[in-house]
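Remarks on the structure that follows.
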Amino acid sequence: MPNSGPAQQPGQRTPGAPAQGVRRSGSFAPSNAAIGGQDMERAGDIVRTITDVFSSRVVGQENLRQTLLAALAAGGHVLLESVPGLAKTTAASALASAITGSFSRIQCTPDLMPNDIIGTQIFNYGSGTFTTQLGPVHANVVLLDEINRSSAKTQSAMLEAMQERQTSIGGEIHKLPEPFMVLATQNPIEEEGTYVLPEAQMDRFLMKDVLTYPRPAEEHEILDRSTSGSLSAPKQPAGSVTLDDIRFLQQMVDRVYVDAAVKRYIIDLVFTTRGSGPRPVPNLPQSVRVGASPRGSLALMRVGQAHALLNGRDYVTPDDVRAMRYGVLRHRLVLTFDALASGIKPEQIIDAVFHAVPMP
């Protein structure tokens, strides 16, 4: 996937180009290539295939596509929030259709019980023994539709699955398949019969994306696809990638080089959200009650590595950290009542933090 920037950065290469070669000092690149040229080319082919499948099913939503791709490559979970009808479920199923793995969709309701998700034990009267029936969470891609409609008990059952990649049924541990990704959706305008996600579970999501309305041209294309019958499914399948391809992509993200200066930049950003840092934002404690946790630092670095790989680089730059800052941090900041009453958005605070911290 080509770099979306207007000019190529020093030391940057395009997908498929040889990884070896002389690189300019100070470009945050390692002295030796972190990822070989063939591996980078294979990663680029995987990304292009998933992109083609997504574009054949979803109109527009470029930010959503980048969020899902980065989270998939980083091995994290995504929380999607928007008003109804903005293709949250369609995007999740489109991503799942690009992968030749298992897919489960769970419609969350107030009466949904933990056993309905993780599974249960069934007694066999003939043999007098219990057999384990695994729940729908045991899949490679799991869509939790309207997660805030499920009860606190059911939400807590997802914590172990999302964090530990396992479930406990009848005292036995059952590992979840690899790769494993949870895509959860929630509707912010409906409050009846909903349960606010606790901060502990919000922090388990690598990213949170807030979808916006499509542009007029994109909505026109939606109508055109509807009349042609290609809105629900494309006429020709765009292809798919294997589970081994996804594991390979995640292994390549692990190998993306992160310079010490970039790590220091991430630390300064996170500490600034907590009211300290090299250049504290004035009056920030009046708006932010709790800043980002160390999991936020890990998420910024991990997503930065994924973003660099998706753009054909084997090293992270400060621009990679900035590129998806909203998705990583917007759900990790707990705003004060005064900030909520004043209509201050988390994105405003994130911009203030990134403006205050100097780039290396």
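In this chain, numbering begins with 1 at the start of the sequence shown.
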Check: R313 side chain, Y315 main-chain N or O, donor-acceptor pair, under 3.5 Å: yes
No-hydrogen, no-angle side-chain donor-acceptor test under 3.5 Å, E146 and Q186: no
Check: K208 main-chain N/O paired with R330 side-chain donor or acceptor under 3.5 Å: yes
Connected via hydrophobic side-chain network under 4.5 Å: F271 and I349: no
For residues 174-183, which side-chain donor-acceptor pairs fall under 3.5 Å, sequence neighbours excluded?
{"from": "K175", "atom 1": "NZ", "to": "Q166", "atom 2": "OE1", "distance (Å)": "3.2"}

Y265 vs F354 side-chain heavy atoms within contact, under 4.5 Å: yes
Rounded distance [0.5 Å steps], CD in Q66 versus CG in D209: 10.0 Å
Any side-chain heavy-atom pair of D259 and Y257 under 4.5 Å: yes
Rounded distance (nearest 0.5 Å) linking atom OG1 of T154 with atom CG of N115: 9.0 Å
Polar side chain donor-acceptor pair, D351 to Y326, under 3.5 angstrom: yes
Distance, nearest 0.5 Å, that separates CD of E41 from CD1 of I35: 13.5 Å
Note, E81 side chain near L211 side chain (heavy atom, < 4.5 Å): no
Distance in Å, I106 CD1 paired with S150 OG, rounded so as to fall on 0.5 Å steps: 9.5 Å
L333 and I350, any side-chain heavy atoms less than 4.5 Å apart: yes
Where A292 and L329 come nearest, the two heavy atoms and their spacing: CB-CD2, 4.1 Å
M324 and M207, any side-chain heavy atoms less than 4.5 Å apart: yes
Within-4.5 Å side-chain heavy-atom neighbours: D245 and R42: yes
Salt bridge (charged side-chain N to carboxylate O under 4.0 Å, His left out) pairs, two or more places apart, involving residues 288-299: D203-R295
ILVMFWY network linking V210 to L64, side-chain heavy atoms under 4.5 angstrom: no
Residue pair V253 / Q305: nearest heavy atoms and the distance that separates them: O-NE2, 3.3 Å
Side chain proximity check, T272 to R279, heavy atoms < 4.5 angstrom: no
I50 and I246, any side-chain heavy atoms less than 4.5 Å apart: yes
Pair S55-D52, side-chain donor/acceptor within less than 3.5 Å: no
Heavy-atom closest contact (A43 atom, L309 atom, distance): CB-CD1, 4.3 Å
Between S93 and T90, a side-chain donor and acceptor under 3.5 Å: no
Side chain to side chain donor-acceptor pair (under 3.5 Å) between D244 and T242, worked out: CA-CA 5 Å; D244 286 337; T242 65; 5.0 Å; no
Atom pair OG1/CD1 of T132 and I122 - distance to nearest 0.5 Å: 9.0 Å
Pairwise distance CG(L249) to CG(L310) - rounded to 0.5 angstrom: 7.0 Å
Hydrophobic cluster membership, L243 vs L143, 4.5 Å side-chain cutoff: yes
Transitive ILVMFWY side-chain link V328 to V334, under 4.5 Å: no
Nearest heavy atoms of I169 and I118, plus distance in Å: CD1-O, 3.1 Å
